[in-house]
Asker: 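Input: one structure, supplied below.
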2 protein chains.
Amino acid sequence: MLPEPFDLLKEDANTILILAKGDHAFRQGDKTRGVFFVVSGAICLTRMTEAGAAVTLQNAKAGDMFAEASLYSDHYHCDAVAVAPSQVIRLSKSAIQTRQREDAVFSERLTKRLATQVQNYRQLLTLHAVKSARERVYLAVASGRLRGSVTQLASEIGLTKEACYRALKDLTDQGALSKSGRGEYAQRKSLQETRMGTK
Amino acid sequence: MLPEPFDLLKEDANTILILAKGDHAFRQGDKTRGVFFVVSGAICLTRMTEAGAAVTLQNAKAGDMFAEASLYSDHYHCDAVAVAPSQVIRLSKSAIQTRQREDAVFSERLTKRLATQVQNYRQLLTLHAVKSARERVYLAVASGRLRGSVTQLASEIGLTKEACYRALKDLTDQGALSKSGRGEYAQRKSLQETRMGTK
DNA sequence: GGCAACATATGATTTTAATCATATTTCATT
DNA sequence: AATGAAATATGATTAAAATCATATGTTGCC
């Protein structure tokens, strides 16, 4: 259920919250009580700037965690609002901190998890920097990012699903990718070979 | 010089490398020797997929770190090539690991650093998801991302510098931002007030 | 089994930022 | 002070993806 290393926590370190659309998991200024994991639904984190502009910090969906940084501050510095009926688990801050201090394995896995996330996000940002939709989709598939639906991939890599479908069609037509059916694609050749770079 | 918590490391845990354009800091398959920090220049990390497509994982510039994940594997899984004459510092893997095990403060700061980075990258990705260049620039400035040049900001938020300058002009003309000169902008009002959302 | 929701798929049109071009200003360096 | 590089700034044109529209296929569910 919970991702590493939080699966190591005792059950009583967790609280399950059921949120209706519009409910808050926490508000800016609240004392930090822990880290959250989204079981289902979606939670949007937003911060208000002094001049009153709402800045979205994260859109956490099922499987995502949020408010990790709360481990290092006394108060939440943003609002967490359910944008759909959601189920979230709150992982107690004190339980995590204690465990982190006393259990080297837990501590190392936590660090590892964060390092992996950093890596993943950086790669995603690098991918976003690729101008051409065609090439972006190719690289996304080549690096194994097509796990769920094409729609999900599209949103992940910053394209509309239509642009994504078209790119996939082009790439398969030209032989850069092969389709194994049911939205399953595999990399076939390098871009050079298929004249991806042609402008 | 070095970012937290690596500033805590003894000097002999670090090695300074001078790389000419094209030199490798490491290659895919090399035994991992540590984490790197870019003092000047730029390092590009790329991985080859089975079919031979080059996937860029990160473009590390001055002040950036790379290969953090090497702490958790025996071999580097990508190439690190200098794309400009560069100066990098290698932080010994063993020194970091030992310190992490023996010094709770170091360990906590490392975790904190990673958590902060995760937060930052997530916010950046969320920002990239904003379609309108105008709104994207506004939110970027409102959340304090305009530190260096406009050109840098543009690249960070995934726009061309031209698009960025135009958005800044529009926003100041309409009063959403105020310019304090020398590329210094401040947020003035919420977007609603300035009819940002008008389509 | 049938309905609703969602994914897949593609065509037509519009919008918008990228690209190309160019000028001025600022800044570091010889 | 002179040179050159980079940042700032805008205009004109183009290219490309977003949007809008629509159809079929798939899947979970009462």
Asker: Does A:Glu4 come within less than 4.0 Å of A:Arg109, counting only side-chain N to carboxylate O?
Answerer: yes

Asker: Given C:dT8, is OP1 or OP2 found less than 4.0 Å from the side-chain N or O atoms of A:Lys179?
Answerer: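 No, outside the criterion.
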
Asker: Under a 4.0 Å heavy-atom cut-off, which of residues 152-160 of chain A touch DNA chain D?
Answerer: A:Gly158, A:Leu159, A:Thr160

Asker: Whole Å only: how far is the CZ atom of B:Arg134 from the C1' atom of D:dA18?
Answerer: 19 Å

Asker: Not counting sequence neighbours, which residues clear ring pair (Phe, Tyr, Trp, His ring centres under 6.0 Å) with A:Phe37? List them please.
Answerer: none

Asker: From C-beta outward on B:Tyr185, which listed nucleotide comes closest to its side chain: D:dA9, C:dA17, C:dA9?
Answerer: D:dA9

Asker: Taking CG from A:Leu168 and P from D:dA17, how many angstroms apart are they, rounded to a whole number?
Answerer: 13 Å

Asker: What integer distance in Å separates B:Arg136:CZ from D:dA18:C1'?
Answerer: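 Roughly 13 Å, once rounded to whole Å.
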
Asker: Output a table of donor-acceptor pairs, distance under 3.5 Å, between side-chain atoms of residues 85-97 of chain A and any protein atom two or more places apart or on a different chain; print 'none' if there are none.
Answerer:
from: A:Ser86; atom 1: OG; to: A:Ala42; atom 2: N; distance (Å): 3.0
from: A:Ser86; atom 1: OG; to: A:Ala42; atom 2: O; distance (Å): 3.4
from: A:Ser86; atom 1: OG; to: A:Ala84; atom 2: O; distance (Å): 2.7
from: A:Ser92; atom 1: OG; to: A:Ser94; atom 2: N; distance (Å): 3.4
from: A:Ser92; atom 1: OG; to: A:Ser94; atom 2: OG; distance (Å): 3.1
from: A:Ser92; atom 1: OG; to: A:Ala95; atom 2: N; distance (Å): 3.1
from: A:Lys93; atom 1: NZ; to: A:Thr32; atom 2: OG1; distance (Å): 2.8
from: A:Lys93; atom 1: NZ; to: A:Ser70; atom 2: O; distance (Å): 3.4
from: A:Lys93; atom 1: NZ; to: A:Ser73; atom 2: O; distance (Å): 2.9
from: A:Gln97; atom 1: NE2; to: A:Leu71; atom 2: O; distance (Å): 3.0

Asker: Nearest heavy atom decides the nucleotide; on that basis, is B:Lys131 or B:Thr151 closer to the 5' end of DNA chain D?
Answerer: B:Thr151

Asker: Just to confirm, is there a sub-4.0 Å distance from OP1 or OP2 of D:dT10 to any side-chain nitrogen or oxygen of B:Tyr165?
Answerer: no

Asker: Tell me whether A:Asp170 is salt-bridged to A:Arg166, with the criterion being a basic N under 4.0 Å from an acidic carboxylate O.
Answerer: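 So A:Asp170 does not pair with A:Arg166 through a salt bridge.
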
Asker: Would you mind reading off the distance between B:Glu135 atom CD and C:dT16 atom C1', rounded to a whole angstrom?
Answerer: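 Rounded to whole Å, this separation is 15 Å.
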
Asker: Can you tell me which nucleotide in D:dT10, C:dT8, D:dA17 comes closest to the side chain of B:Arg166?
Answerer: D:dT10

Asker: Using five pairs at either end of the helix from C:dG1-D:dC30 to C:dT30-D:dA1, determine the angle between the two local helix axes and round it to 10 degrees.
Answerer: 60°

Asker: Just to confirm, is there a sub-4.0 Å distance from OP1 or OP2 of D:dC20 to any side-chain nitrogen or oxygen of A:Lys161?
Answerer: no

Asker: Calculate the interatomic distance between A:Asp170 atom CG and C:dA9 atom P; express it in whole Å.
Answerer: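 Distance check: A:Asp170 CG to C:dA9 P gives 13 Å.
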
Asker: Does A:Gln123, at its CD atom, have more than 12 non-hydrogen atoms belonging to other residues, nucleotides or ligands within less than 6.0 Å?
Answerer: yes

Asker: Run through B:Leu127, B:Leu171, B:Val130 and flag the one making a side-chain contact (heavy atoms from CB on, under 4.5 Å) with B:Glu135.
Answerer: B:Val130

Asker: Taking the side chain as every heavy atom from C-beta outward, state whether B:Ile43 and B:Leu45 have any pair of such atoms under 4.5 Å apart.
Answerer: yes

Asker: If I take atom CD in residue B:Glu162 and atom C1' in nucleotide D:dA15, what distance separates them, rounded to the nearest angstrom?
Answerer: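 After rounding, the gap between these two atoms is 15 Å.
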
Asker: What side-chain hydrogen bond (donor to acceptor under 3.5 Å, both in side chains) pairs are there with at least one residue in residues 53-66 of chain B, not counting sequence neighbours?
Answerer: A:Arg122-B:Gln58

Asker: Taking only distance into account, with no hydrogens and no angle test, what donor-acceptor pairs under 3.5 Å do side-chain atoms of residues 7-26 of chain A form with protein atoms, sequence neighbours excluded?
Answerer:
from: A:Asp23; atom 1: OD2; to: A:Ala20; atom 2: N; distance (Å): 2.9
from: A:His24; atom 1: ND1; to: A:Arg27; atom 2: NH2; distance (Å): 3.4

